[in-house]
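Along the sequence shown, residues are numbered consecutively beginning with 1.
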Amino acid sequence: MHHLGCDLQRCPGCGGQLITCDCGWDEFGGAEDGARWDDDHDGVGDGAEVLAFVSPSRAPDPVLPVRCVVFGAAVAPLRARHLAELRGVATWALQHGRPCDLDAAALCCEVVERFETPAGFQLDRRTVTTMLHSDVRNWASCAGTDLPDDVVVHLWSVLVWLHAEGRLTPDSDPLAVLLEPLGCYGRLGPDGYPLPAGAAIDFPCQCFLPHDPTCPSGYAQRIVGRDPVSGREFIVRARLRRPSEPPEPTNFDALKSLARRSAPHSSGRKIQVEDFDHIGCIDASGAVPPLWLYFHHRGGDAGRRDLVVDAAGQTWWPKADRRRKAGFRWEPIGDLHALLLAGVESPKRGVSWAPPRSVTP
């Protein structure tokens, strides 16, 4: 069952997303009793018949306004449950001259609690990302309340306090790594306060990746694909461009080579360099030349991959290879398949396309 207004709920008529389809279903039960589905219906509008989700055997309940609980009242039980922790956080905040909203801190203690072990709190970068992305928002949604705007500031304080008190397990990620998601998605500076408006994040996003302490300085990790069978992520070390660092004109030379090479193909769309962001570069390894990573920032396909190109304009992709430690190997592929993966081209309706085959470089 989906909660009322869930944007992931499927339409029972067309199978698409209920929030975006044009079918005549009324999730909120505002239709008249006995409404029937109209096969000739062409969209919700004047005179369109609507089929309610509620049972026609009873009169639909009146649509009531959504009740929003005051945040302080919603977290009152959490303040009582985490009283000892809140005393410690408040004392630490007072000593360091930081604000401490006990209501927001109580919620942060609640979401951190599930990572507590007998040896302490076992936290890594991905768990902190989960707290920020899902845990605090899901709790507020279930409680029917709104989150304060500065909840990320208090999550920063709780994490630093846990580190200062020695309550993190030895196998937890370093504190600076734990705070990365709060800076990347929460837009906090190194001091734990919001960045000025318009300020750029000065490090590449690795929030959904495990921390690799052996990663050389100047390099960062990036997901370039997944194993279609096991779902294992293919992770590379690359010299990723910082968001605050403007790209050099030479960074797009490989993409321009691809554009010149694929221009004569009638089946391919003309590549517009301005539609791509330069992500970074992967060093040469064995028979694989240096590779440039680009991301197509136009289009709505959230599952699209990076476009990987060498200096000659040849496109590459990571092919699953369980004999290798990384789980994949780089292989050259046809341009059209690469553009499909990157979201530049779309497969024709009703035509399925096979996974990309390797080509001779």
Can you check whether [X] reaches [Y] side chain to side chain, under 4.5 Å on heavy atoms?
{"X": "Leu188", "Y": "Pro194", "answer": "yes"}
{"X": "His154", "Y": "Asp103", "answer": "no"}
{"X": "Leu182", "Y": "Leu159", "answer": "yes"}

Report the relative orientation of the aromatic rings in Phe208 and His133; use parallel for angles under 30°, tilted for 30 to 60°, perpendicular for over 60°.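 Rings of Phe208 and His133: tilted, as their planes differ by 30° to 60°.
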Not counting sequence neighbours, which residues clear salt bridge (Lys or Arg N to Asp or Glu O under 4.0 Å) with Asp227? List them please.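 For Asp227 the salt bridge (Lys or Arg N to Asp or Glu O under 4.0 Å) partners, ignoring immediate neighbours, are Arg322.
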Under the side chain to side chain donor-acceptor pair (under 3.5 Å) rule, collect the residues that match up with [X], sequence neighbours excluded.
{"X": "Asp310", "answer": "Trp316"}
{"X": "Trp92", "answer": "His96"}
{"X": "Glu245", "answer": "none"}
{"X": "Ser244", "answer": "Asp202"}

Euclidean distance, [Y] [atom2] relative to [X] [atom1], rounded to 0.5 Å:
{"X": "Glu85", "Y": "Arg167", "atom1": "CD", "atom2": "CZ", "value": "5.5 Å"}
{"X": "Trp156", "Y": "Leu175", "atom1": "CH2", "atom2": "CG", "value": "7.5 Å"}
{"X": "Leu162", "Y": "Cys109", "atom1": "CG", "atom2": "SG", "value": "7.5 Å"}
{"X": "Asn251", "Y": "Tyr294", "atom1": "CG", "atom2": "OH", "value": "7.0 Å"}
{"X": "Phe328", "Y": "Trp317", "atom1": "CZ", "atom2": "CH2", "value": "11.5 Å"}

Considering all heavy atoms, the nearest [X]-[Y] contact:
{"X": "Leu102", "Y": "Ala90", "answer": "CD2-CB, 4.2 Å"}
{"X": "Leu240", "Y": "Ala220", "answer": "CD1-CB, 3.7 Å"}
{"X": "Tyr193", "Y": "Pro99", "answer": "OH-CD, 3.5 Å"}
{"X": "Arg329", "Y": "Ala320", "answer": "NH1-O, 4.3 Å"}
{"X": "Thr145", "Y": "Val70", "answer": "OG1-C, 3.7 Å"}

If only atom types and distance count, is the side chain of [X] paired as donor or acceptor with the main-chain N or O of [Y] below 3.5 Å?
{"X": "Gln221", "Y": "Ala238", "answer": "no"}
{"X": "Asp277", "Y": "Ile279", "answer": "no"}
{"X": "Trp161", "Y": "Gly88", "answer": "yes"}
{"X": "Thr315", "Y": "Ile333", "answer": "yes"}

Just distance, no hydrogens or angles: give the donor-acceptor pairs under 3.5 Å from side chains in residues 117-129, sequence neighbours left out.
from: Thr117; atom 1: OG1; to: Ala119; atom 2: N; distance (Å): 3.4
from: Thr117; atom 1: OG1; to: Gly120; atom 2: N; distance (Å): 3.4
from: Thr117; atom 1: OG1; to: Gly120; atom 2: O; distance (Å): 2.6
from: Gln122; atom 1: NE2; to: Asp171; atom 2: OD2; distance (Å): 2.6
from: Asp124; atom 1: OD1; to: Arg126; atom 2: N; distance (Å): 3.1
from: Asp124; atom 1: OD1; to: Thr127; atom 2: N; distance (Å): 2.8
from: Asp124; atom 1: OD1; to: Thr127; atom 2: OG1; distance (Å): 3.3
from: Arg125; atom 1: NE; to: Gln206; atom 2: O; distance (Å): 3.0
from: Arg125; atom 1: NE; to: Leu209; atom 2: O; distance (Å): 3.1
from: Arg125; atom 1: NH1; to: Glu180; atom 2: OE1; distance (Å): 3.0
from: Arg125; atom 1: NH2; to: Leu209; atom 2: O; distance (Å): 3.2
from: Arg125; atom 1: NH2; to: Pro210; atom 2: O; distance (Å): 3.2
from: Thr127; atom 1: OG1; to: Asp124; atom 2: N; distance (Å): 2.9
from: Thr127; atom 1: OG1; to: Asp124; atom 2: O; distance (Å): 2.7
from: Thr129; atom 1: OG1; to: Arg125; atom 2: O; distance (Å): 3.0
from: Thr129; atom 1: OG1; to: Cys207; atom 2: O; distance (Å): 3.0

Quick one: do Asp283 and Arg239 make a salt bridge, cutoff under 4.0 Å? yes
